[in-house]
Amino acid sequence: MRITSNEKVLTCFHIVWFHETTGLLEAHLSALAMDAECLECMPCVQPVLSAAEEESCGEGDDEIVDNETGRLQQDQLPETLQLWGDEKDIICDFEPPLKPFKAWAPTVYTCFDKEQYWFAGYQITIQESIEEYAGVVWHAAKALCHYLEENREELNLKNKKVLEIGSGTGLVSIVACILGAEITATDMPNCLGNLRYNLSRNTKGKCLHNPEVRELVWGQDLEANFPKSSCLYDYILAADVVYHHTYLGELLETMKHLCQPETELIWANKFRFNTDYHFLSQFNTSFETELLAEFPDSEVKIFKAKHKAG
């Protein structure tokens with residue numbers, strides 16, 4: 001699955017396998033599109049076999065599914081049944097029937113995409129989900145990871161207390177953790193399962209401090225859950241938390257609550273809508289800000305902010 005920057009798409013893939021008594025295996029791929037960034041969909045060819053081809057397919061052995069890559073093994077299929085190109089990480093565990101003449105009902109396998117990244121000297125595998133905007137790695141997260149890695153000596157995250165707002169899939173928190181930070185990754189309650197999974201699988205044995213995952217609903221119970229007296233952070237990180245949603249006021253309130261006089265806030269965002277620039281104006285008014293980096297190809301800007309006295 002490849003995410004581009006023109007529109008937003010979240011996709012659910014259902015692969016339905018039918019195994020009939022003739023040994024014929026067919027695959028059907030369907031996609032549900034929702035509001036997220038544009039996706040280059042996998043090419044899918046649904047073969048239409050003649051009667052002679054169906055008979056010839058039934059005479060041979062069943063097709064084999066390679067569990068490691070989730071693909072039909074190309075060298076064991078007739079040319080008309082080669083369904084996939086070079087797409088990766090679609091995992092479908094298909095178990096052949098024990099009784100070949102049993103009547104079969106279709107089985108549905110829901111597959112999620114995995115993205116591979118290389119930051120801070122490690123390959124990072126991110127499990128994406130289809131449930132929320134937070135389930136996809138966006139351009140600003142990748143840009144912020146690149147910035148953290150390229151400026152590791154200046155930022156010196158080793159043993160620093162760092163909190164990420166709106167961690168999503170956890171890529172930024174993973175990179176910060178590998179770079180030595182004592183990271184707290186936060187997001188909405190329904191996003192925490194996938195966030196914990198990605199943090200656990202990508203930081204084990206690679207970090208100085210085990211990452212912490214906490215619920216943070218912007219603007220709600222901030223002092224109760226993150227009291228200023230004890231929740232003192234060296235850095236607050238945020239990537240692509242500003243987009244077309246109705247909680248921008250609560251987000252700014254959360255940033256101001258967490259960003260204390262000794263805290264440095266680093267915010268990366270792709271600017272898409274007028275509301276994004278309106279938030280930027282309020283952000284500049286609320287903090288002492290500085291533009292750290294720009295990525296014109298992805299329309300991402302990275303800002304540094306400090307607490308404004310008074």
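Residue numbers count from 1 along this sequence.
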*Is K161 salt-bridged to E182, cutoff N-O under 4.0 Å?*
no
*asked:* Counting only heavy atoms from other residues, nucleotides and ligands, does the tally under 6.0 Å from NE2 of H278 exceed 12?
replied: no
_Quick check: do R272 and Y243 have side-chain heavy atoms less than 4.5 Å from each other?_
yes
*Would you say the side chain of L216 lies within less than 4.5 Å of the side chain of N225, judging by non-hydrogen atoms?*
no
_Treating T254 as the side-chain partner and G219 as the backbone partner, does any N or O pair qualify as donor plus acceptor under 3.5 Å?_
yes
_If we ignore hydrogens and angles and just use 3.5 Å, is the side chain of D234 paired with the main-chain N or O of K160 as donor and acceptor?_
no
*asked:* For a ring pair (Phe, Tyr, Trp, His ring centres under 6.0 Å) check, start with the C-alpha distance between W218 and H257, then their side-chain angles and the critical distance, and finish with the verdict.
replied: CA-CA 10 Å; W218 299 340; H257 177 83; over 10 Å; no
*Answer whether the closest heavy-atom distance between the side chains of F295 and K301 falls below 4.5 Å.*
no
*I124 and I178: side-chain contact (heavy atoms from CB on, under 4.5 Å), yes or no, with the steps?*
CA-CA 10 Å; I124 298 171; I178 293 174; 4.2 Å; yes
*Are L252 and I165 in one and the same hydrophobic cluster, where Ile, Leu, Val, Met, Phe, Trp and Tyr link if side-chain heavy atoms are under 4.5 Å apart?*
yes
_Short side-chain to backbone donor-acceptor contact, N269 and V242, under 3.5 Å_ = yes
_T169 and V136, any side-chain heavy atoms less than 4.5 Å apart_ = no
*Answer yes or no: is there a donor N or O on one side and an acceptor on the other, between the side chain of N156 and the main chain of E153, under 3.5 Å?*
no
*Taking everything shown except Q123 itself, do over 12 heavy atoms lie less than 6.0 Å from its CD?*
yes
*Note, K306 side chain near L265 side chain (heavy atom, < 4.5 Å)*: no
*Are the side chain of Y147 and the backbone of L292 linked by a donor-acceptor contact shorter than 3.5 Å?*
no
*NZ/NE/NH1/NH2 to OD/OE distance under 4.0 Å, D187 and R196*: no
*State whether the number of non-hydrogen atoms from other residues, nucleotides or ligands found under 6.0 Å of K206 atom NZ is greater than 12.*
yes
_Check: F303 ring centroid to W267 ring centroid under 6.0 Å_ = yes
_Can you confirm whether or not the ring centre of F271 sits under 6.0 Å from the ring centre of Y277?_
yes
*Tell me, do F226 and Y233 make a side-chain contact under 4.5 Å, heavy atoms counted?*
yes
